[in-house]
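Input: a single structure, listed below in C-alpha cells.
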Amino acid sequence: MSPSSRRAGLGSVVVGIALACTPPTTDGAPDDTAPPVVDGVTSGPQVRCARPEDREALGPLTASFDAGDWGVQAFDPDHRTLYTGGGLAVADVDGDGDLDVLLADADAPAVYLQGPPRVLTLATGALPALDAVTAWTPADLDGDGDVDLIVARFDAAPVLLSNDGQGRFSVAKGWLPDGPLPAARYAGASVVDRDRDGDLDVLVPGHGGLRGAFREPGDPSVLLRQDDDGFHDVSADLPARFHEAYTFVAGWYDLDDDGWPDLYGVSDYGHLAPSQLLWNRQGALVPDAGAHGLDVSLQGMGLGVGDLDDDGDVDLVTAGWGRHVLLVGREGTWFDAAQSWGLDGDRSRGQVVGWGSQLADLDDDGDLDVVMGFGHIFNQDTPPDEPDELFLNDGPTLRPVGATWGFDHPGQTRAVLAVDLDGDGWLDLLRKDLTGPATLQWARCGAAPWVGLRLDDATAANHAAIGAVVTVRAGARTWRRTVEVGSSSVLAAGPPDVHVGLGAVETIDAVDVRWPDGITTRYAHVPVRRWSTLHREVP
C-alpha cells in the first residue's frame, strides 16, 4: 500500500482504477484540451462535526495545547539569534497516517509523533546529533515512500536526513557526489520538480549579510538538481543577483500558468537587494527584473501565495518589518494593494515585524484568509512582545481577528503553519516562538463543507506530486491550489496536502489535477467532508 493510500484513513473505499495518458505539448505549455476523466479516488471516512455550535459559543480555536510531552518542550529562553530555533514542520514521518510535528532548535531539535489523534509524544532518538538547526523541509526525496528531511542550519552546511520508514532519521551518505555544500546562514528550503524529470529538486535560500553596515551581499543560495546518482550543486543556474539577496523564503509557484514552476524569493534588506521573480523557461531560470511588479523592495520575511480575490490570478502576501505587501495579480501583472485591503499591523499593539505568513481558509467559507506571525528582533528597536494576527477575508478587505480568536500570542514568533493536524477538515494553527515553546491551537469544527486532497503519482519518484496544480470545480465556482512543501510562511514546511473550504457548496462537480509533468486529469467523483487521495497509475 502506498503512503498516500495509508493517509486516506481507516475504512477507506477505492472508487475504480482507470488509466490516463496524453502526450505533453511540444512548447512546454499545458494541454488546453479537455482533460480525460478518470476514477482512482481513495476516500477516507466522512467527517461530521459533532458540535458545530461550539465554534461560535466557545470560539474558533482552543487555548494553546499543552498536554503530555508537548507541554514540556525543551527550549532556551535566552537564545536570541535572528532565526536559529524558529523552524517548524508538519509531516507524517512514521507512515501511520497521522501528521507529526518537527521543531527546530539550536540545541535540542525534536520530533513529536501524533497517534492516537491529538496526542503528541516525543520521539526519543528519532534524530541524529545536529546543531544550529534553523528549519526542516520534509519530503520523500528518494521516492521510497517515506518522508526524508532537508535540514537548513545557521553558519553550517545543509544536511539530508534519510528516514528508515519508521520515523527514525540518519545522515544520508553520498547524497552529494560532487562534494560538500558551503556553510552559510540558511533559513529553510523548498522542493519541487523544477526540470519536470520526475524527481524532486531542492532550493536552500541563503540569508546572511548580517555583518558590518550590511554592505556585504547575502549568503549565496544553493540549488540542487537530483539525478540518478544523487543531488548535484547547480547553484550557478541562479542569477548572481539572486545570490546577492538576503533571502528568507523562496517559493515555487506557476505564476504564468505555463506548466513550469517559477521561483519567487523574498529578500530582507530590500533597499540593497529586492525580492525577485525568476521565470522557469523549461528548466532555465530567467530574471523578471521587475517587469511584472513582483521585484519589490522591503525588509521581507514571510510569504503566502494564493488567490485572495477569487479572480483566477495568483496573489502574494509578504510580511516585513514595518510594512507588508499584498501583490494582487491582474492578467500577468501585480500591484501592491495592501493598504486598500487593510493588510497592516496594529502599531498600537506593537505589531511591527512580520514573519511567517500563510494563505489558508480558516473558516471554511470558500475564500483564503491570512495567518501572520509577529516577533521582536533582539538588540533592535522593536517592541518586545508583538502579538500575532489572523486576517479574515471579507474581500476586498482583510479583517483582523487575532485577538477575538485568541491567536494574539505576544512573543517572538517566527514560523507559523495552518494545517489540518487532526484530520477533521478545519485548520489548526501552530507557531514557533524563537525563545519559548512552540504553541498549537486546535480548530473547533463547524457546519460548513470542505474537501481535503492528497495526490499519489505512481508514474514518478515525486509520488506526492509536489508542484501539481489542483482545481476544484463546483458550478460557477473554482478553487485553485498548488501542492507545495517549504514554499510558504518562513522557516516552515507543511505536508503536501490540499485543503479547500467550500462555503455553501455541498457537491463537487470535478477536480482537475495538472501533474508536475504538465499532463492534466480530471476526477469526477470526489466527496466532500472527507480526506481523499487522487491516484495516477502507471499506464
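We number each residue from 1, following the sequence as shown. Predicted, not measured: the structure shown is a model, and the values here were computed from it.
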Between Arg536 and Asp517, does a salt bridge (charged side-chain N to carboxylate O under 4.0 Å, His left out) hold up when you go through it step by step? CA-CA 12 Å; Arg536 187 188 191 192; Asp517 62 4; 3.0 Å; yes

Could you walk me through whether Trp175 and Asp142 satisfy the side-chain hydrogen bond (donor to acceptor under 3.5 Å, both in side chains) test, starting with their C-alpha distance in whole Å, then the side-chain angles of each, then the deciding distance to 0.1 Å, before giving a yes or no? CA-CA 10 Å; Trp175 72 292; Asp142 53 10; over 6 Å; no

For [X] and [Y], which heavy atoms make the closest approach, and how far apart are they?
| X | Y | result |
| --- | --- | --- |
| Ile466 | Pro516 | O-CG, 3.6 Å |
| Asp219 | Arg185 | OD2-N, 2.9 Å |
| Gly265 | Thr247 | CA-CG2, 4.2 Å |
| Pro158 | Pro182 | CD-O, 4.0 Å |
| Leu113 | Asp100 | CA-OD1, 3.4 Å |

Taking only residues at least two apart or on different chains, which pairs with a member in residues 480-491 satisfy side chain to side chain donor-acceptor pair (under 3.5 Å)? Asp257-Arg480, Glu484-Ser488

From [X] atom [atom1] to [Y] atom [atom2], the distance as rounded to the nearest 0.5 Å:
| X | Y | atom1 | atom2 | value |
| --- | --- | --- | --- | --- |
| Arg431 | Thr439 | CZ | OG1 | 3.5 Å |
| Leu224 | Ile150 | CG | CD1 | 7.0 Å |
| Leu223 | Leu203 | CG | CG | 6.0 Å |

Would you check if the distance from the ring center of His535 to the ring center of Tyr523 is below 6.0 Å? no

Find out whether [X] and [Y] are in side-chain contact, i.e. whether some heavy atom of one side chain is under 4.5 Å from a heavy atom of the other.
| X | Y | result |
| --- | --- | --- |
| Ser267 | Pro274 | no |
| Leu359 | Val317 | yes |
| Gln166 | Asp94 | no |
| Leu161 | Asp148 | no |
| Gln114 | Asp422 | yes |
| Val371 | Asp388 | no |
| Asp313 | Asp307 | no |

Using modelled atom types only, decide if a donor and an acceptor are shared between the side chain of [X] and the backbone of [Y] within a distance under 3.5 Å.
| X | Y | result |
| --- | --- | --- |
| Arg522 | Val511 | no |
| Asp428 | Asp420 | no |
| Asn163 | Gly167 | yes |
| Gln73 | Ala438 | yes |
| His243 | Ser235 | yes |
| Asp262 | Leu255 | yes |
| Asp92 | Gly97 | yes |

Taken in chain and number order and not counting sequence neighbours, the residues that satisfy salt bridge (charged side-chain N to carboxylate O under 4.0 Å, His left out) with Asp336 are Arg323

With sequence neighbours excluded, what pairs up with [X] under the side chain to side chain donor-acceptor pair (under 3.5 Å) test?
| X | answer |
| --- | --- |
| Trp515 | Thr521 |
| Asp228 | none |
| Asp256 | Arg281 |

Checking [Y] against [X]: is there a side-chain donor and acceptor pair closer than 3.5 Å?
| X | Y | result |
| --- | --- | --- |
| Arg153 | Thr134 | no |
| Asp229 | His232 | yes |
| Asp512 | Thr520 | no |
| Trp279 | Asp288 | yes |

Is Arg454 salt-bridged to Asp497, going by a charged N under 4.0 Å from an acidic O? yes

Between Asp197 and Arg225, is there a salt bridge with N-O shorter than 4.0 Å? no

Using the rule side-chain contact (heavy atoms from CB on, under 4.5 Å), only one of Val191, Asp193, Val192 pairs with Asp201; which is it? Asp193

Residues which pass side-chain contact (heavy atoms from CB on, under 4.5 Å) with [X], listed by chain and number, not counting sequence neighbours:
| X | value |
| --- | --- |
| Pro138 | Ala89, Ala91, Val147, Leu149, Val485, Ala493 |
| Ala108 | Ala74, Asp105 |
| Ala360 | Leu362, Ala418, Leu427 |

Identify, with sequence neighbours excluded, every residue that meets ring-ring contact (aromatic ring centres under 6.0 Å, His included) alongside [X].
| X | answer |
| --- | --- |
| Phe75 | none |
| Trp136 | none |
| Trp321 | none |
| Phe248 | Tyr83, His207, Trp355 |

Given side chain to side chain contact (heavy atoms under 4.5 Å, CB included), test Thr318 with Val296 step by step and report yes or no. CA-CA 10 Å; Thr318 297; Val296 296; 5.7 Å; no

Under 30°, 30 to 60°, or over 60°: which ring-plane class applies to Trp531 and His499, parallel, tilted or perpendicular? tilted

I'd like to know whether Asp237 forms a salt bridge (charged side-chain N to carboxylate O under 4.0 Å, His left out) with Arg194, so could you lay out the CA-CA distance, the side-chain angles of the two residues, the decisive distance to 0.1 Å, and finally the verdict. CA-CA 12 Å; Asp237 290 356; Arg194 165 209 166 194; 3.1 Å; yes

